[in-house]
Structure formats: structure tokens, C-alpha cells
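Below, chain A is the first sequence line, B the second, and so on; all start at residue 1.
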Protein chains: 2
Amino acid sequence: MLVCMTSSRARAEAALLAALASLVADETRAAVLLALLDGRAWTAGELARYAGVAASTASEHLGKLVAGGLLAEERQGRHRYVRLADARVAQLVEDLAAQVAPASAARPRTLRESSAGSAMARGRTCYDHLAGRLGIAVTDALTGLGLLRQDTGFALTDEGVHWFDGLGVPLVRTGRRPLARACLDWTERRPHLAGVAGAALCRHALDAGWCVRIGSERAVKVTDKGERVLAELLGIQAAALR
Amino acid sequence: MLVCMTSSRARAEAALLAALASLVADETRAAVLLALLDGRAWTAGELARYAGVAASTASEHLGKLVAGGLLAEERQGRHRYVRLADARVAQLVEDLAAQVAPASAARPRTLRESSAGSAMARGRTCYDHLAGRLGIAVTDALTGLGLLRQDTGFALTDEGVHWFDGLGVPLVRTGRRPLARACLDWTERRPHLAGVAGAALCRHALDAGWCVRIGSERAVKVTDKGERVLAELLGIQAAALR
DNA sequence: CGGACACTTCGGCGAGCACCGAAGTATGGG
DNA sequence: CCCATACTTCGGTGCTCGCCGAAGTGTCCG
């Protein structure tokens, strides 16, 4: 029998790629990954209820995702907390989700979905940074002030790095994660700020009370204080956030 | 029966995400996608032989990939040519491949694989831009000359844009594709230049005879002329390419 | 120490799907 | 015009995998 594939290296790589994709290729596991995009750790039971499957089923799925390196787990007493393994996995899930979003973003069906959808569209977290109209508004404002360049790529300027220092949020590179990275926003269909700077800004916004989480999902709401600060600091009009 | 998933919007998104991943989750389809990463169009028969499956099987796989929007097809007489649908799909496949590569890149097995692997490691195309040690050397050289910034993100400088003009390869933005983008190199495990600039440079390198393709896969070889030009233009030592 | 709770393991069921070969359709060359 | 070639369609087969409920393990609390 002739070995037709040009090299077994290529076949090995294909097998690994297929194995990785298989982890995402199940609707329940995909729902889990999307839920964990909020950057927080969920218990196995929460995820089971969220995805609408039996606890035993969810347990098996989490086992596969952990074994595949997509999730990290932490045991606390009788709870099993899981979260996305790292920023790289989050980026992968976001990229995949952005690829399919254009097809689904179009039409909200019911009123409930519509209002839930619009809360997500106004502002949400995307793993560890801000997204939705809020994320876009911040990204645009930073760009307009010359703190971020988008025309030739996606990078902070020296003034941008300095601005974060002034905010009391110095940026430190950890590992290979870039200071600034573009993340495609699936409601706005434009890139918003991710990377170390995006994460630092989001954490600061939540810590300083510029915005708060709504419910148990990814949506966030800008507070009155947040509106004031964003207008003052970045010139963002409240209307851009509605 | 209680609808447990918080919103059916979330379930719909999960279903789409799973459907997309399913396309990649088969070893044969994964092999096809990796083969097409060379940026060229292959016939259905070539891909069937490459992947080691019957023509009928390959035909079904290509049908699914086209229907899923990952491939574009062109019929010419009795041939069906397919290629990756666009740069965005290529980026997705590259990102997925980079995620699994760290596990597979470690150990070549046989001499044949080793030499094939090292040709790929020296230089190759990654959809439409240069990768491998060649791609890294070019990226580093551009950075060292102040034409590309990597410290605060990944963007050309104004001098960088000008440099491309001087090369006779003016950069024009098409759609939403960024001029510069980081693509993680799975042999070097560091980012190399992709995006409009990466594609333009690769095309120019092939057109001007700086490098040529080896065999029918993605590997490329730097010519003598290429070595001269790269040393002259970017200060790249020939040793960095070996 | 006993019961409630969170999670895991196991057996079994059913659906989906990758695969092939054979037969059918379209194209190009002699 | 006929045959070789490239691809597609179809029916059938076997395997994988997601799912559940029941039973088991470990943890917390009264």
C-alpha cells in the first residue's frame, strides 16, 4: 500500500489540528468555552446547568477540555473550578467566534433576546478586556488621541505607554503577550484593544468602578462615575455608549 | 422542561462555533487545510492523493469546506480547483496550527522527515507571507532598522511604509486587512510579519527571484541573488538563513 | 457520625459521519 | 466519435462519540 500523504510529519500535524478542533466541535463544549470567555472561573455544576446537560455529561466534557490544554482547573473542596487555560486560548476562541458571528449577529428574535443582546452589544468583557460599543469607543478614543496606532498595524505609541503610567496602571510585558493586540469585535465587526494594555484597562475600569458586571454573564454597564471619567480622560461622549 | 441555557442566543452562537470547528475536526479535512496554507489552488485529485483517501471521499470533504465558507472553488474544465477562501481563513488555520505545533515541533523521527522538516524550518510560505527562519530573519531585520515596531504591538513605522515604497512595492489597504500583523511562527515560536506588508514582501521576493519554491509543498529556498539582496537591503547575514 | 451536596465513573443506547467502491456525468484528446 | 480522465453521487458499513441515569467517591456541615 502506497503511503500517499507526502510526509507523515504532515499527517501528524493534521491529526493534532483535527484533535484540537474536535474539542471545540461539540455544541456543549463550545457553549462552555464561550461562557468562560468572561475570564472568570465557573464550577462544573454551573456550566452543566448553563449548557443544559447532565452533571455527568458536563464532567466528561470538562475532562476533555482540560486534557486538551484548553482549560485550567482548580479544585476547592467539593467544587471543581475551571477557566480558560490562558490568554492564548481565549484569543483562539474569540477568533473562532468572530468568524461565525457575522452570520449570527444580524437578527435578534424575541424581545428578551433583543434586550439581552443589546446589553452585550453596549458593553461586555472579552476574556480580560473590554468589548462591544464600550470597547470600540475606548479604542477609537485612544487612537484619536495618538495613544494607539491602527493605520499601520495595531500598537501603542510611546505616548500611549506613558498615558497608562499616568493612569497608575503601568504596563509590564509578561511572556510573549504583546502590549497591544487587535481583537475582532463580533458585534461591531471592528477591532478593539486587547493584549496587556486591554487587560490592564479593563481590570482598572472594574476596580475603579467605571463599570460593573450585569448578571452572571459577560455584559457590563458603565456607571455614572464611569461616564464622567471616560468623558474627562478620553473625551468619550455618553451617547457613544448607548 | 426548563430551558437551562441562559439564552438561546448563546446556544445559537455555540452551535455555529461548533459547526465551524467540526469542519476542521476531521483529520483529512485538516490535512487539506494545511496543504492549502501554501496559498495556491489545488485540484480535488491532488488533494485526494495527498491526504491518502479515495477521490469520492475527498470530493465530499471539499464540498463541506466550500459550503462552510473555508474554501473557494473555481471550475476549469474537468478540474475543480480549491484554495483557502481568504486571508482571514488562512489566519485562522495558522493560529490553530500554531496552537498544536509546540507539541509536535520537538522531535523529527526519520532522516527524510528531518531533512524535509528542516527545509520547512529554513524557509516556507505561510499562506501568502514568509515564515520559518527566513521569515523571522526578515522580521527581525525590519525591526532592527526601525521599520517595524514589535515592543508595543505589531505595526509598521512611517519609515517602514516608506521603505516599501522605495522597494517599488507600495502598500495599499484592502478591506479590513491590516498593513502589518503578527503571525506566530510554529517552528521558531516567535511572531513573523503577516498582513498586507507580509504578503507584498513575499510576492516580491518570489517575483524578483530572491527565493524559489522547493517541490510541491510550502518550503522555499533563498537563491544566491536573494542572499545578496537581503544582506544589502536589510543586513541579513546568510548564516541566519541556514 | 450521618446526611446533603458536588462531582466522577460506568454501562448502554442511539445518532452521526468518514469511508469505500460502483455507477453516473462532464470534459478533453486522439 | 470514442475513450481516458476528473470529478460526483449513492448505498452500505462500521466506528466514534455525546448523552443519560445509576452507582460510587470525596467533602462539608450540623
Separation of atom CG in A/Leu47 from atom C1' in D/dG18, rounded to whole Å =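 In whole Å, D/dG18 C1' lies 17 Å from A/Leu47 CG.
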task = Indicate whether OP1 or OP2 belonging to C/dG28 is found under 4.0 Å from a side-chain N or O atom of B/His79.
result =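 Result: no.
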key: Distance test, side-chain N/O of B/Lys64 to OP1/OP2 of C/dA18, below 4.0 Å   =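 Yes, because at least one side-chain N or O of B/Lys64 sits under 4.0 Å from OP1 or OP2 of C/dA18.
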inquiry  = Check A/Arg11 with B/Glu27, please: is the shortest side-chain N to carboxylate O separation under 4.0 Å?
reply    =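 Salt bridge flag = yes for A/Arg11 with B/Glu27.
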request  = Would you indicate which nucleotide in C/dC5, C/dC20, C/dC7 comes nearest to any side-chain atom of A/Thr43?
outcome  =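 So the nucleotide nearest the side chain must be C/dC7.
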message = Tell me whether the count of non-hydrogen atoms from other residues, nucleotides or ligands lying under 6.0 Å of CG in B/Asp224 goes above 12.
response =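 Count not over threshold, so no.
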request  = Could you check if a side-chain atom of B/Val220 sits within less than 4.5 angstrom of a side-chain atom of B/Thr125, using non-hydrogen atoms only?
outcome  =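 The answer is yes; the side chains approach within 4.5 Å.
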message = What is the distance, to the nearest angstrom, from the CG atom on A/Asp26 to the P atom on C/dG16?
response =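 Going from A/Asp26 (CG) to C/dG16 (P), I get 13 Å.
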ask   = What integer distance in Å separates A/Glu27:CD from C/dG16:P?
value =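 Checked: the CD to P distance equals 13 Å.
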query = For the side chain of A/Glu60, counting heavy atoms from C-beta on, which of D/dC20, D/dT8, D/dG18 is nearest?
reply =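 In terms of side-chain proximity for A/Glu60, the closest of D/dC20, D/dT8, D/dG18 is D/dC20.
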Interatomic distance where CD belongs to A/Glu74 and P belongs to C/dC7 [whole Å] =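 It is 14 Å, rounded to the nearest whole Å.
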ask   = Under the 3.5 Å rule, do the base of D/dG18 and the side chain of A/Thr57 count as making a donor-acceptor pair?
value =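 Such a pair does not exist between side chain and base.
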task = With DNA chain D as reference, determine whether B/Leu62 or A/His61 sits nearer its 5' end, using the nearest nucleotide of each.
result =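 It is B/Leu62 whose nearest nucleotide is closer to the 5' end.
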query = Are OP1 or OP2 of D/dC3 and a side-chain N or O of B/Arg78 less than 4.0 angstrom apart?
reply =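 No, because none of the side-chain N or O atoms of B/Arg78 sits under 4.0 Å from OP1 or OP2 of D/dC3.
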task = Could you check which of D/dC19, C/dC19, C/dC7 has an atom nearest any side-chain atom of A/Ala44?
result =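 For A/Ala44, the side-chain atoms sit closest to C/dC7.
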query = Of the nucleotides C/dA18, C/dT8, D/dC19, which one has an atom closest to the side chain of A/Arg75?
reply =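 Output: C/dT8.
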Carboxylate-amine/guanidinium proximity below 4.0 Å for A/Asp185 and A/Arg124 =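 Looking at A/Asp185 and A/Arg124, the cut-off is met.
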ask   = Which pair of non-hydrogen atoms, one from B/Gly68 and one from B/Leu23, has the smallest distance, and what is that distance?
value =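 Heavy atoms of B/Gly68 and B/Leu23 come nearest at CA-CD1, 3.7 Å.
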task = Kindly say if A/Arg29 contacts the phosphate of D/dG18, meaning a side-chain N or O under 4.0 Å from OP1 or OP2.
result =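 The answer is yes; a side-chain N or O of A/Arg29 sits under 4.0 Å from OP1 or OP2.
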ask   = Hey, does the side chain of A/Ser59 come within less than 4.0 Å of C/dA6's phosphate (OP1/OP2), counting only N and O?
value =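 Checking A/Ser59 against C/dA6: no side-chain N or O falls below 4.0 Å of OP1 or OP2.
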key: Closest to side chain of A/Ser56, choosing from C/dC5, C/dC19, D/dG21   =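 Given the options C/dC5, C/dC19, D/dG21, the side chain of A/Ser56 is closest to D/dG21.
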5' priority, DNA chain D, between A/Gln76 and B/Glu46 [closest heavy atom] =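 Upstream on the strand: B/Glu46.
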inquiry  = Just N and O in the side chain of B/Arg80: are any of them under 4.0 Å from OP1 or OP2 of D/dT8?
reply    =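 Affirmative; the distance criterion is met.
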